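These notes are about the structure you will find just below.
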Amino acid sequence: FSEGWAAVKNETTGLIGFIDSSGKIAIEPQYTLVGKFNEGLAFFAILEKCNGGESRPNKMGYIDKTNNRVIVVPKKLAELYACCYFDGGEFRNGVAIMSVAEFGFDCNCRATIIIDKKGKVLNYSGHLLDTHDKPIKIE
């Protein structure tokens, strides 16, 4: 449990939601990946399958305890021509670190993004390419 909530997986669908400390479902299972709640927010990702059986994010960001998607990472990060690795860290002192990497046939791109609780990018390093091998600007 973190902040009184724990992730729970629906074994039939494979989707993840949250229960409160009494064991009651607080957020119905609907996410492929989740992080722990910290500072009132938790990372979420909804994945889609891509070639080779791997997955890439369709939507990802941070939810609050009312299941409001407070921060949604721009879809352009999910629309890369190959599959992605991604991770959303817990918020600490008002910031979180997200890591995104894209691995394609001729490409090895990665970025580390520091965001605040409004989703504003405070710092960013690395690079990612779009489907036309052009750099994606992370804002």
Side-chain angles (χ1 to χ4, degrees):
F1 283 88
S2 180
E3 295 189 354
W5 290 42
V8 63
K9 184 175 186 177
N10 180 315
E11 293 301 326
T12 304
T13 65
L15 298 176
I16 305 167
F18 289 91
I19 58 172
D20 63 21
S21 58
S22 72
K24 180 182 170 191
I25 296 282
I27 296 177
E28 290 290 332
Q30 58 196 276
Y31 301 109
T32 314
L33 295 172
V34 298
K36 294 178 181 178
F37 272 98
N38 204 46
E39 296 187 13
L41 299 175
F43 175 77
F44 79 88
I46 299 171
L47 306 182
E48 61 185 25
K49 294 288 183 190
C50 61
N51 295 336
E54 295 184 26
S55 299
R56 68 177 177 187
N58 183 10
K59 287 189 171 127
M60 65 179 176
Y62 289 83
I63 57 171
D64 65 16
K65 289 185 176 181
T66 65
N67 199 27
N68 181 32
R69 294 179 185 170
V70 176
I71 300 169
V72 178
V73 174
K75 185 146 172 72
K76 65 184 173 183
L77 292 180
E79 293 177 334
L80 302 169
Y81 66 85
C83 292
C84 289
Y85 159 82
F86 49 90
D87 182 38
E90 296 175 23
F91 271 90
R92 302 254 185 235
N93 299 315
V95 299
I97 299 174
M98 299 189 74
S99 300
V100 181
E102 185 272 330
F103 302 98
F105 180 70
D106 291 325
C107 181
N108 185 0
C109 310
R110 62 185 64 240
T112 299
I113 307 161
I114 300 174
I115 61 171
D116 68 12
K117 286 187 165 186
K118 293 184 179 178
K120 180 181 177 188
V121 175
L122 302 176
N123 198 347
Y124 145 68
S125 64
H127 70 281
L128 294 170
L129 302 178
D130 68 13
T131 56
H132 304 290
D133 294 328
K134 304 254 189 232
I136 294 174
K137 183 177 180 184
I138 299 174
E139 301 170 5

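This is a predicted model, so every value here is computed, not measured.
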Side-chain heavy atoms under 4.5 angstrom apart, residues restricted to Ile, Leu, Val, Met, Phe, Trp, Tyr: same cluster for [X] and [Y]?
| X | Y | answer |
| --- | --- | --- |
| I19 | V34 | no |
| F1 | V8 | yes |
| V70 | L122 | no |
| L33 | I113 | yes |

Stepwise, does the side chain to side chain contact (heavy atoms under 4.5 Å, CB included) test hold for L41 with K117?
CA-CA 8 Å; L41 299 175; K117 286 187 165 186; 4.0 Å; yes
First locate atom [atom1] of [X], then atom [atom2] of [Y], and finally report the distance between them rounded to the nearest 0.5 Å.
| X | Y | atom1 | atom2 | value |
| --- | --- | --- | --- | --- |
| N123 | D116 | CG | CG | 12.0 Å |
| I114 | I97 | CD1 | CD1 | 5.0 Å |
| E3 | K36 | CD | NZ | 11.5 Å |
| I63 | I71 | CD1 | CD1 | 11.5 Å |

Over 60° means perpendicular and under 30° means parallel, so classify the ring planes of Y62 and F91, tilted if in between.
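Correct class here is perpendicular.
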Can you give me the closest heavy-atom contact between [X] and [Y], atom names plus distance?
| X | Y | value |
| --- | --- | --- |
| G35 | A42 | O-CB, 3.6 Å |
| D64 | I27 | O-CD1, 4.0 Å |
| T32 | I16 | O-CD1, 3.3 Å |
| G94 | E39 | N-OE1, 2.9 Å |
| S99 | T112 | OG-OG1, 4.4 Å |
| T12 | N10 | N-OD1, 2.8 Å |

Start with the C-alpha distance between M98 and F43, add both sets of side-chain angles, then the distance that settles side chain to side chain contact (heavy atoms under 4.5 Å, CB included), and finish with yes or no.
CA-CA 9 Å; M98 299 189 74; F43 175 77; 3.6 Å; yes
Between T66 and N68, do the side chains contain a donor N or O and an acceptor N or O under 3.5 Å apart?
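Not at all, the side chains of N68 and T66 share no donor-acceptor pair under 3.5 Å.
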Would Y31 and N67 count as a side chain to side chain contact (heavy atoms under 4.5 Å, CB included) if you check the C-alpha gap in whole Å, the side-chain angles of each, and the deciding distance to 0.1 Å?
CA-CA 11 Å; Y31 301 109; N67 199 27; 2.6 Å; yes
